[in-house]
Amino acid sequence: MLDINYIRQNPEEVLKMLHKRQLASEEPKVAQLLDFDRERKVLVQRSDDLKALRNKVSKEIADIKKSGIGSSEELILQMKSVSEEIAGMNGLLGNLEEQIEKILLELPNKLHPSVPVGRSADDNQIFKDSVSFPYNLDFPVKNHLELGKSLGILDFERGAKVCGAGFPVYMGKGARLERALINFMLDCHTERHGYTEVFPPFLVNQESLRGTGQWPKFADQVYHIEEDDLYAIPTAEVPVTNLHRGEMVDANALPISYAAYSACFRREAGSYGKDTRGFLRVHQFNKVEMVKFTRPEESYKALETIRENAEAILTALKIPYRVLLLCSGDISANATKCYDIEVWSPAEQKYLEASSCSNFEDYQARRANIRFKPESNAKPEFVHTLNGSGLATSRLMVSLLEHYQTPAGSVMVPEVLRHYTRFDEITQTTE
RNA sequence: GGAGAGGUGGCCGAGCGGCUGAAGGCACCGGUUUGCUAAACCGACGUAGUUCUUAUAGGGCUACCGAGGGUUCGAAUCCCUCCCUCUCCGCCA
């Protein structure tokens, strides 16, 4: 969330940001917030005055009782009514603070000056266009669904039977290939890019969702297990960023870089009918996520590093891709700046999002209260948090299967994965 | 699921209902001493809100001892609920 001091001092900046984000409906909230804030201040002052009086008189009462001189009856009676008055104010104050908190949690993050202004996904800027690798697909290409079915490596029907639509099953060499991808990506980030591997819980509590900003905004997109009041993670970002929630991290340890595999669960409520075929939109998918905690002055450099780390995976796999710089109307509410990496699908003849790399500055750190001391005796400051998919396997698998198919209908395994799969090709005779 | 113990500042740890924002120790910071380092000694040392002043600093007031309620003139301290950690028993993977 934003610093309330920043909003007090720069309300017009906040309004400008909302305008750029195409969130006109949110604009009245700023004035409302400032109204509540002023009201709160008046109430706090009056309540603090009463508390000061009560503290002072309570000490007098103590003195009277100790010395045994005089009577405290009258004072106690007075303080009783003062306490009642304070209690009344606390009720009002609690209400106000709840509303202030609510608005603060809902307001989106600032935008970095380099973010292009635009209305929708159509206005995203191409940061890096068509990074390609040589392929000979001069034959009728099959799409990933056809390949998955003919090779017996993907089973959407049975997935739907055991769970529901959007829960794909990988079989045989398909399962092995998926696992190879995950292992390759994790090894790459830990051994070559300097990340520490984390295997996080796949269920989290509500505080964690709130810490990274999925709560309250995306409450309806997250699977909720009522019995234990836990939520299935939509991304490893949630448990991994929250590892340091409420902590004072050691300044010398910064930047902290974590790479984590997790399954990701998304309800995708309201998006039925859009890109629903096969892997294009699923409720459960696998992803390796990179998370960084940095000093504020280093976060934008770290964002480029994360993007490069994600690109390195595609380069190694020789998967064609491009990088977009998201515009103000398309970027998520939590991020100040975000790159999307999209992989090419020869069958769909379009780019598919496989990674998002974002800087959140102190937006998540403030929610999750993650601080550090810049100097040993200095005041604590919020760290900056960032993350990027490195990468999600589902769309990656689409592009991989389609690019590596042969005229005979088999799929070759990318060079760098063979060490993990221990087979070179997936043919129809797969077990 | 049952029984017990406990959650206090960056860390460890003491704390009788009023004199406790909190002893003591460690770490960090400033200084003295010292050939360097270390040690020793001295000093400073939480966060947030608000207000005042002789206002790049200092003072006052308020809140914060796992979270939320309650009792009380007054709660770190007593009571209740919840969360977490540890130990033991039971059950299960």
Side-chain angles (χ1 to χ4, degrees), chain A residues 1-9 33-105 200-211 215 224-231 239 242-254 256 293 295 362 365-383:
Chain A
M1 59 189 163
L2 297 174
D3 183 358
I4 188 149
N5 275 317
Y6 169 79
I7 303 174
R8 281 185 197 124
Q9 285 155 23
L33 174 71
L34 293 174
D35 280 346
F36 287 144
D37 184 49
R38 275 186 288 268
E39 244 180 278
R40 185 182 142 275
K41 188 171 163 180
V42 172
L43 261 182
V44 166
Q45 255 161 7
R46 281 203 280 155
S47 150
D48 277 2
D49 285 347
L50 286 177
K51 282 177 185 167
L53 173 69
R54 183 178 69 184
N55 287 345
K56 184 169 145 267
V57 175
S58 287
K59 279 189 185 113
E60 287 170 22
I61 293 170
D63 288 341
I64 290 170
K65 293 209 162 177
K66 215 169 354 163
S67 66
I69 302 166
S71 161
S72 52
E73 294 291 306
E74 180 67 19
L75 290 175
I76 288 175
L77 224 59
Q78 280 172 20
M79 288 310 104
K80 205 168 193 150
S81 79
V82 167
S83 277
E84 275 164 23
E85 206 175 334
I86 291 171
M89 279 188 196
N90 279 346
L92 292 174
L93 215 47
N95 262 333
L96 267 178
E97 272 162 4
E98 215 172 284
Q99 305 204 58
I100 289 170
E101 172 90 351
K102 186 170 181 292
I103 295 177
L104 277 177
L105 283 175
F202 291 2
L203 298 177
V204 295
N205 54 32
Q206 192 176 304
E207 285 77 54
S208 292
L209 285 180
R210 172 189 294 244
W215 191 275
H224 182 209
I225 293 150
E226 252 176 75
E227 185 74 14
D228 299 290
D229 199 20
L230 292 171
Y231 300 83
N242 278 282
L243 287 178
H244 293 297
R245 170 153 51 84
E247 289 185 12
M248 186 77 73
V249 301
D250 179 4
N252 296 318
L254 297 174
I256 297 171
F293 303 78
R295 289 170 172 265
D362 62 5
R366 180 170 287 108
R367 286 170 167 255
N369 193 26
I370 307 169
R371 298 175 301 164
F372 76 107
K373 288 188 176 179
E375 307 295 336
S376 52
N377 251 19
K379 286 178 87 166
E381 277 182 46
F382 292 112
V383 299

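In what follows, chains carry the letters A, B, and so on, assigned in the order in which the sequence lines appear, proteins first and then strands, with residues in each chain numbered from 1.
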Q. Which atom names give the shortest non-hydrogen contact between Phe372(A) and Ala251(A), and what distance separates them?
A.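 Closest approach of Phe372(A) to Ala251(A), heavy atoms only: CD1-CB, 3.9 Å.
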Q: Work out which heavy atom in Pro374(A) is nearest to a heavy atom in Lys379(A); give both atom names and the distance.
A: CD-O, 3.3 Å
Can you tell me the base-pairing partner of [N]? Count Watson-Crick or G-U wobble geometry only, both distances below 3.5 Å, and say none if there is no partner.
{"N": "A5(B)", "value": "U85(B)"}
{"N": "G18(B)", "value": "C73(B)"}
{"N": "U56(B)", "value": "none"}
{"N": "A39(B)", "value": "none"}
{"N": "C91(B)", "value": "none"}
{"N": "A27(B)", "value": "none"}
{"N": "U47(B)", "value": "A63(B)"}

[atom1] atom, [N] versus [M]: distance in rounded Å?
{"N": "G66(B)", "M": "U8(B)", "atom1": "P", "result": "6 Å"}
{"N": "U77(B)", "M": "G21(B)", "atom1": "C1'", "result": "15 Å"}
{"N": "A23(B)", "M": "C11(B)", "atom1": "P", "result": "16 Å"}
{"N": "A67(B)", "M": "A63(B)", "atom1": "P", "result": "16 Å"}
{"N": "U20(B)", "M": "C73(B)", "atom1": "P", "result": "23 Å"}
{"N": "A27(B)", "M": "A38(B)", "atom1": "P", "result": "12 Å"}
{"N": "G1(B)", "M": "G70(B)", "atom1": "C1'", "result": "29 Å"}
{"N": "C83(B)", "M": "C91(B)", "atom1": "C1'", "result": "24 Å"}

Q: Identify, between Gln45(A) and Met248(A), the residue whose nearest nucleotide on RNA chain B lies closer to the 5' end.
A: Met248(A)
Q: Decide yes or no on side chain to side chain contact (heavy atoms under 4.5 Å, CB included) for Leu50(A) and Met89(A), but give the supporting numbers first.
A: CA-CA 10 Å; Leu50(A) 286 177; Met89(A) 279 188 196; 3.9 Å; yes
Roughly how many Å is it from [atom1] in [X] to [atom2] in [N], rounded to a whole number?
{"X": "Asp229(A)", "N": "C83(B)", "atom1": "CG", "atom2": "P", "value": "11 Å"}
{"X": "Phe372(A)", "N": "U47(B)", "atom1": "CZ", "atom2": "P", "value": "15 Å"}
{"X": "Glu207(A)", "N": "C84(B)", "atom1": "CD", "atom2": "C1'", "value": "12 Å"}
{"X": "Lys373(A)", "N": "G46(B)", "atom1": "NZ", "atom2": "C1'", "value": "7 Å"}
{"X": "Leu93(A)", "N": "A48(B)", "atom1": "CG", "atom2": "P", "value": "19 Å"}
{"X": "Phe382(A)", "N": "A48(B)", "atom1": "CZ", "atom2": "C1'", "value": "11 Å"}
{"X": "Asp3(A)", "N": "A48(B)", "atom1": "CG", "atom2": "P", "value": "11 Å"}
{"X": "Glu381(A)", "N": "G10(B)", "atom1": "CD", "atom2": "P", "value": "16 Å"}

Q | Base-contact (B) and sugar-phosphate-only (S) positions in nucleotides 62-80 of chain B, heavy-atom cut-off under 4.0 Å, - elsewhere | A | SS---------BS------
Q.
Listing request: all side-chain hydrogen bond (donor to acceptor under 3.5 Å, both in side chains) pairs with a residue in residues 42-61 of chain A, at least two apart in sequence or in separate chains.
A.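 Sorted pair list: Arg54(A)-Ser83(A).
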Q. Can Trp215(A) and Tyr231(A) be said to form a side chain to side chain contact (heavy atoms under 4.5 Å, CB included), step by step?
A. CA-CA 11 Å; Trp215(A) 191 275; Tyr231(A) 300 83; 3.7 Å; yes
Q. What residues form a side-chain contact (heavy atoms from CB on, under 4.5 Å) with Lys102(A), not counting sequence neighbours?
A. Glu106(A)
Q | Residues which pass side-chain contact (heavy atoms from CB on, under 4.5 Å) with Ala253(A), listed by chain and number, not counting sequence neighbours | A | Asp250(A), Ile256(A)
Q: Give Asn5(A) one of three labels, base, sugar-phosphate or nothing, depending on what nucleic acid heavy atoms sit under 4.0 Å from its own.
A: sugar-phosphate
Q.
Between Arg367(A) and Arg210(A) (side chain of the first, backbone of the second, donor and acceptor by atom type, cut-off under 3.5 Å), is there such a pair?
A.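 Yes: the side chain of Arg367(A) pairs with the backbone of Arg210(A).
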Q: Keeping to residues at least two apart or across chains, list the salt bridge (Lys or Arg N to Asp or Glu O under 4.0 Å) pairs with something in residues 73-98 of chain A.
A: Arg40(A)-Glu97(A)
Q.
Quick check on contacts: within residues 97-105 of chain A, what sits under 4.0 Å from RNA chain B by heavy-atom distance?
A. none
(Q) Using the rule given for side chain to side chain contact (heavy atoms under 4.5 Å, CB included), can you reason through Asn5(A) versus Arg8(A), listing the C-alpha separation, both sets of side-chain angles and the distance that settles it, and then say yes or no? (A) CA-CA 5 Å; Asn5(A) 275 317; Arg8(A) 281 185 197 124; 2.7 Å; yes
Q | Close side-chain approach of Asp229(A) to His224(A), heavy-atom, < 4.5 Å | A | yes
